[in-house]
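Report on one structure; see the data block that follows.
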Amino acid sequence: MRLREAVSLVATDDGAVLLDQDAGRYWQVNRTGFLVLSTLLGEGDRDDAVEALVCRFGVGAEHARNDVSGLVAQLTAARLLVAS
């Protein structure tokens, strides 16, 4: 996955902020969301993002899978994240 070309990402103390330069809108993700997004934008896939959440935050795999799917769905619907 990748960010749409007009979208920029900046890490913050609490997670990250995404700026959609075309729409002039900001989106904020918390630390959990930033971990998922960083994994997906790197070399990882959804399964890697789930594993990262399980390892870092000690949540169950099903819970982590739902969180990853939900975040991907929201960012895709907002036209911030696209399949590469």
Side-chain angles (χ1 to χ4, degrees):
M1 305 211 82
R2 64 176 178 79
L3 294 176
R4 191 168 43 83
E5 199 164 308
V7 176
S8 56
L9 174 72
V10 176
T12 67
D13 290 339
D14 298 321
V17 174
L18 296 105
L19 169 62
D20 181 344
Q21 297 171 25
D22 290 339
R25 294 187 66 186
Y26 287 92
W27 297 78
Q28 184 174 2
V29 294
N30 61 18
R31 290 180 184 143
T32 305
F34 184 49
L35 176 60
V36 171
L37 195 51
S38 297
T39 302
L40 295 174
L41 295 176
E43 297 294 320
D45 59 14
R46 289 182 190 217
D47 290 335
D48 295 322
V50 168
E51 184 177 334
L53 289 179
V54 169
C55 290
R56 171 86 53 88
F57 297 106
V59 298
E62 188 63 29
H63 183 92
R65 189 169 288 104
N66 289 337
D67 285 352
V68 169
S69 293
L71 181 63
V72 169
Q74 289 177 348
L75 295 179
T76 301
R79 297 179 5 107
L80 300 172
L81 190 63
V82 295
S84 50

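In this structure, CD in Gln28 is found 6.5 Å from CG in Asp14, a value given to the nearest 0.5 Å. Taking CZ from Arg46 and OG1 from Thr39, the interatomic distance works out to 13.0 Å, rounded to the nearest 0.5 Å. The structure places CZ of Arg56 at 12.5 Å from CD of Glu51, a figure rounded to the nearest 0.5 Å. Distance check, rounded to the nearest 0.5 Å: CG of Leu80 to CG of Leu9 gives 10.0 Å. Note that CG of Asp13 is 7.5 Å distant from CZ of Arg31, once rounded to the nearest 0.5 Å. We find the CG-CG distance between Leu18 and Leu81 to be 9.0 Å, quoted to the nearest 0.5 Å.
What you find for Phe34 and Val29 is that their closest heavy atoms are N-CG2, 3.9 Å. Of all heavy-atom pairs between Asp20 and Ala78, the closest is OD2-O, 4.5 Å. In this structure, Ala49 and Val68 approach most closely via the heavy-atom pair CB-CG2, 3.9 Å. Looking at every heavy atom in both residues, Val54 comes nearest to Ala64 through CG2-CB, 4.0 Å. The two residues Met1 and Thr76 come nearest to each other via the heavy atoms CE-OG1, 4.4 Å. Here the shortest heavy-atom pairing between Val59 and Leu53 reads CG2-O, 3.9 Å.
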- Determine, step by step, whether Val7 and Trp27 satisfy the side-chain contact (heavy atoms from CB on, under 4.5 Å) criterion, reporting the C-alpha distance in whole Å, the side-chain angles of both residues, the deciding distance to 0.1 Å, and the verdict. CA-CA 10 Å; Val7 176; Trp27 297 78; over 6 Å; no
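Formation of a donor-acceptor pair under 3.5 Å by the Asp48 side chain with backbone atoms of Asp45 is found in this model.
In summary, Arg4 and Asp22 engage in a salt bridge, as defined by a charged side-chain N under 4.0 Å from a carboxylate O.
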